[in-house]
Amino acid sequence: MRHICTTLHNAYQRGPPSRLIWTMPSSSNKRHWRYVPKVTPTMQSLPTVSHYRQLKIKGRGASTQSMRPAGTTSGSRFKYLIREAVFDILKGFPPRLLDTRTGMLCDRDSQVTQFEKSGEYNQLLSSASATDAPAQATDIRAVVSTYFRYVTLSHRWGKLEPLLHNIDGRVIYDLDPTDGISKLQSFCLACGQRGYLWAWSDTCCIDKESSTELQEAISSMFSWYRLSALTMVHLADVSDMGRLTNSVWFKRGWTLQELLAPRTMLFFTRDWSLYWDGSSNHKEESTILGELEQATGITLRYLTDFHPGVDSARSRLQWASTRCTTRPEDMAYSLLGVFGLHIPVLYGESAENALGRLLAEVISKSGDTSILDWVGQSSVFHSCFPATITPYHTLPLSLPNFTTPPSTHGIRQFFFLRSVRKMHEALSNLPLTSAI
């Protein structure tokens, strides 16, 4: 019995066996156990169990990664790099996207699953050992970024627009082509024809029943349009022979950031014909840019290279002054991305309260006192602010002061800014429900 235990102990010291055989050699009348090792391609590269225990006790080589066979480590590491790139790229994207091939709405898990079944993923795996580590990371990111390119839709909401619950779990191409569904189908088909797999629409890709998700979507809307590979603008009121500037799209509040955020845009007419054929980006066409400047009053510098922020705050308010939204308080929320600000979205509050909170935040961040220069009805939120955004359509008249020395002017400006900051502190302490 002692012989058997010693044999088993020595055997397991060499690694786990595939089997133990009870044998009786011809030269002996004694039976004994014979150790038959489990053979693997990398058996010689694996340390013994006892050696691994010693290393673990000493704090060296304790990681399981160092225990993996060389081939497995390389493959697992490569898959990890791929998933790391996928989640890093997708973290700033909308959580739901439409698959233009299948017509199905996909959440984040479905998007990742589809990628791991794709030819692009398999091609990456097959090239795992062909390049060095830095080149692998670069190649992986390029492939993943191309695969997950998505297109955003900018449009004027119409009747019977499909919401999340109308299309979730359904194929949009199989749905009855009502006005809203027909527009969504045409949008996805146009994306697919241009080689884009993913599409996003503000009608059906947001759960508007969830206040948390809606708040996140409003705060992220500008960046979603900025990160998109292309924004398609559908002008339902412009025919093939019509003019771009006549569209009501230029009078809607939310479409301001949808115009400024994208790097690449294409305008489509009522029947989804390209407004200016032969171009892959209307923001690079001088004729289109001239029409956009005429319709919006926004200079070419901002149309082609806009950055969110509170600089030139008065000009940004002027761009929005002739626009409107269906829900009055949305007029303020639609400008959060333009100013790069974050304030709580409180649906049900008055439009004056929402605008007042926005203007107070702009002054706090910028110190731009020209926001206080306006003519019109004062807000119940605070008399320093207008009741609506309309008074900002006219820029303040600034005349040089020839009688005031520069030093005196600077002192006055200092005390004025200090008063503005005190006013903002007072506004911040006001209860939010007082003006709702």
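Treat the numbers as computed from the prediction; the structure is a model and nothing was measured. The figures here come from the full heavy-atom set of this structure, side chains too, leaving out hydrogens, waters and symmetry mates.
Looking at every heavy atom in both residues, L124 comes nearest to F78 through O-CE2, 2.9 Å. Across all their heavy atoms, S201 and L184 have their closest contact at CB-CD1, 4.0 Å. The two atoms that bring R194 and L230 nearest to each other are CD-CD2, 4.5 Å, heavy atoms only. Of all heavy-atom pairs spanning C384 and W374, the tightest one is O-NE1, 2.8 Å. Shortest non-hydrogen contact noted between L303 and I298 is CD1-O, 3.5 Å. In terms of heavy atoms, A199 sits closest to T100 at CB-CG2, 3.9 Å.
Atom OG1 of T322 is separated from atom NE2 of H393 by 6.5 Å, given to the nearest 0.5 angstrom. A distance of 10.5 Å separates CG in N281 from CD1 in I288, rounded to the nearest 0.5 Å. Residue Q123 holds its CD atom at 9.5 Å from OG of S118, rounded to the nearest 0.5 Å. From T178, atom OG1 reaches atom CG of L160 across 5.5 Å, with rounding to the nearest 0.5 Å. Put simply, NE2 on H165 and CZ on R170 are 8.5 Å apart, with the number rounded to the nearest 0.5 Å. Note: E329 CD to S334 OG = 11.0 Å, rounded to the nearest 0.5 Å.
Residues Y80 and E84 form a side-chain contact, since some pair of their non-hydrogen atoms from C-beta on lies under 4.5 Å apart. Inter-residue side-chain proximity for R156 and K251 is flagged as unmet; no heavy-atom pair is nearer than 4.5 Å. Using a 4.5 Å heavy-atom threshold, the side chains of I167 and L98 count as touching. The shortest side-chain heavy-atom distance between E361 and V310 does not fall under the 4.5 Å cut-off. Between K183 and F187, the closest side-chain pair of non-hydrogen atoms is not below 4.5 Å. The shortest distance between side-chain heavy atoms of L197 and D99 falls below 4.5 Å. Using a 4.5 Å heavy-atom threshold, the side chains of Y147 and Q114 count as touching. For the pair I181/D176, no side-chain contact is recorded, criterion being any heavy-atom separation below 4.5 Å from C-beta on.
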Output, in order, the C-alpha distance, side-chain angles, deciding distance and verdict of side-chain contact (heavy atoms from CB on, under 4.5 Å) for L341 and V362. CA-CA 8 Å; L341 297 175; V362 171; 3.6 Å; yes

Given the rule in the side-chain contact (heavy atoms from CB on, under 4.5 Å) test, do N246 and L235 qualify, once you have shown the distances and angles that lead to the verdict? CA-CA 10 Å; N246 294 334; L235 306 176; over 6 Å; no

Could you go through the side-chain contact (heavy atoms from CB on, under 4.5 Å) check for W249 and V238 one step at a time? CA-CA 10 Å; W249 183 84; V238 176; over 6 Å; no

What's the verdict on side-chain hydrogen bond (donor to acceptor under 3.5 Å, both in side chains) for E291 and Y275, showing C-alpha distance, side-chain angles and the deciding distance? CA-CA 12 Å; E291 293 187 47; Y275 178 75; 2.9 Å; yes

Determine whether E349 and R357 satisfy the following criterion, salt bridge (charged side-chain N to carboxylate O under 4.0 Å, His left out), listing intermediate values before the conclusion. CA-CA 11 Å; E349 69 174 331; R357 291 194 296 120; 2.5 Å; yes

Go through the steps to decide whether C188 and Y173 satisfy the test side-chain contact (heavy atoms from CB on, under 4.5 Å), and finish with yes or no. CA-CA 9 Å; C188 288; Y173 300 128; 3.4 Å; yes

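A donor-acceptor contact closer than 3.5 angstrom is absent between the side chains of T212 and S210. The closest side-chain donor-acceptor pair between D107 and S110 falls under 3.5 angstrom. Looking at E258 and S154, their side chains do bring a donor and an acceptor atom within 3.5 Å of each other.
The main-chain N or O of C106 is found under 3.5 Å from a side-chain atom of Q111 such that the two form a donor-acceptor pair. Of the possible polar contacts, one joining the R108 side chain to the L90 backbone as a donor-acceptor pair under 3.5 Å is found. Checking side-chain atoms of T255 against main-chain N and O of R252 turns up a donor-acceptor pair under 3.5 Å. Side-chain atoms of S247 do not come within 3.5 Å of backbone N or O of L244 as any donor-acceptor pair. In terms of modelled atom types and a separation under 3.5 Å, the side chain of Y225 and the main chain of L153 share a donor-acceptor contact. At distances below 3.5 Å, not a single donor-acceptor pair connects side-chain atoms of Y121 with backbone N or O atoms of V144. Distance alone, capped at 3.5 Å, is enough to place a donor-acceptor pair between the D237 side chain and the V248 backbone. Side chain of Y333 to backbone of I218: no donor-acceptor contact under 3.5 angstrom is found. Judged by distance alone, the side chain of T245 and the main-chain N or O of A295 form no donor-acceptor pair under 3.5 Å. In this structure, the side chain of S364 does not engage the main chain of A360 through any donor-acceptor pair within 3.5 Å.
Using the six-membered ring where Trp is involved, W157 and H155 have ring planes that are parallel, under 30° apart on the 30 and 60° scheme. In this pair, W200 and W224 present their aromatic rings perpendicular. The plane angle is above 60°, beyond the 30 to 60° band. Using the six-membered ring where Trp is involved, F148 and W198 have ring planes that are parallel, under 30° apart on the 30 and 60° scheme.
Pairs passing the side-chain hydrogen bond (donor to acceptor under 3.5 Å, both in side chains) check and including a residue from residues 308-319, sequence neighbours excluded, read Y302-S312, D311-R316.
Atom CD of E120 has more than 12 neighbouring heavy atoms from other residues, nucleotides or ligands inside a 6.0 Å radius.
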N/O donor-acceptor pairs under 3.5 Å from side chains in residues 259-271, not counting sequence neighbours:
from : atom 1 : to   : atom 2 : distance (Å)
T269 : OG1    : D240 : OD1    : 3.0
T269 : OG1    : D271 : OD1    : 3.0
T269 : OG1    : S273 : O      : 3.2
R270 : NE     : A236 : O      : 3.1
D271 : OD1    : S273 : N      : 3.3
D271 : OD1    : S273 : OG     : 2.9
D271 : OD2    : S273 : OG     : 3.4

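Two rings, from F93 and Y150, have their centers less than 6.0 Å apart.
With sequence neighbours excluded, the residues forming a side chain to side chain contact (heavy atoms under 4.5 Å, CB included) with R149 are T146, Y196, A229, listed by chain and number.
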